[in-house]
**Q** 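Structure provided below as structure tokens; questions to follow.
Along the sequence shown, the residues carry numbers beginning at 1. Each ligand, and each atom within it, is numbered from 1 in the order the structure gives.
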Amino acid sequence: EDGGHITAAHVDALVRKHAPMCMRSLHENLRRDKHLKHYGRLQYNLFLKDLGLPIEEALVFWRRAFSNKTDDQFNKEYKYNIRHGYGLEGKRVNYPAKSCVRIITQDQPGPQDNHGCPFRHYSQGNLSAALTAHYGLTPNEQSEILTAVKAQHYHVGCTRLFEITHAKNGVRKGDGLGNGESASHPNRYFERSFELAKD
Ligand code: SF4
């Protein structure tokens, strides 16, 4: 499952185990709605590319995920953008996966959107509900995160979630993603989580 050898079938387990909340939310919404809107697809596609999901597997993944669409709809409406993200269409730019700063500051999500950073863009109620549903955090654990977020320290909230969910791997408060480093890129968050699981 290391870089370049991920298949469409690995995505569910890898994302549920190692992805930061922004990508986990996109994934769960994709599974629930069998669809993601444009900026959500963009954000998640580049994340999966950076994870090492090859384009052939990305097309399998998205085709299966959009199970309500016909092949024709999929090919016409979605395939181009997925390939575009891999630098295979249009100007053929190999776009980098978005950093936290870009996700937090650009392309602000509207009420119907699922992209963005949950720590920045969710209401306190929705953030709390997601922390319970996806991570089983206690009210005590949540209150620390919600306090950081209220003070607009979104990365601190995300980093604290990493510490809490990796306590079983020996991560302690203040360790962050390693050496006290805070979350700055969803793919670095994923990689660090993945490395810890191998120890
Ligand atoms: Fe994702 Fe970064 Fe927000 Fe964490 S701080 S949820 S990694 S965008």
**Q** Could you work out, with ring pair (Phe, Tyr, Trp, His ring centres under 6.0 Å) as the rule, every residue matching Tyr95, not counting sequence neighbours?
**A**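 By the ring pair (Phe, Tyr, Trp, His ring centres under 6.0 Å) rule, Tyr95 matches His84.
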
**Q** Should the ring pair Phe194 and Phe190 be called parallel, tilted or perpendicular, given that the plane angle runs from 0 to 90° and is split at 30 and 60?
**A**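 Aromatic pair Phe194/Phe190 classed parallel.
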
**Q** Just say parallel, tilted or perpendicular for the rings of Phe61 and His27, cut-offs at 30° and 60°.
**A**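 Because their plane-to-plane angle is under 30°, the rings of Phe61 and His27 count as parallel.
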
**Q** Got a salt bridge between Asp12 and Arg31, using NZ or NE/NH1/NH2 to carboxylate O under 4.0 Å?
**A**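 A salt bridge is present here (some side-chain N lies under 4.0 Å from a carboxylate O).
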
**Q** Quick test of your reading: applying ring-ring contact (aromatic ring centres under 6.0 Å, His included), list the pairs with at least one residue in residues 107-131, sequence neighbours left out, ordered by first then second residue.
**A**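 Counting only pairs at least two positions apart or across chains, the ring-ring contact (aromatic ring centres under 6.0 Å, His included) contacts touching residues 107-131 are Tyr39-His115.
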
**Q** If you look only at pairs with a residue in residues 141-175, which of them pass as a ring-ring contact (aromatic ring centres under 6.0 Å, His included), with sequence neighbours excluded?
**A**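 Every pair satisfying ring-ring contact (aromatic ring centres under 6.0 Å, His included) with a residue in residues 141-175: Phe162-His166, Phe162-Tyr189.
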
**Q** Which residues and atoms, protein N, O or S only, are under 2.8 Å from atom 3 (Fe) of ligand 1?
**A**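 The answer is Cys117 SG.
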
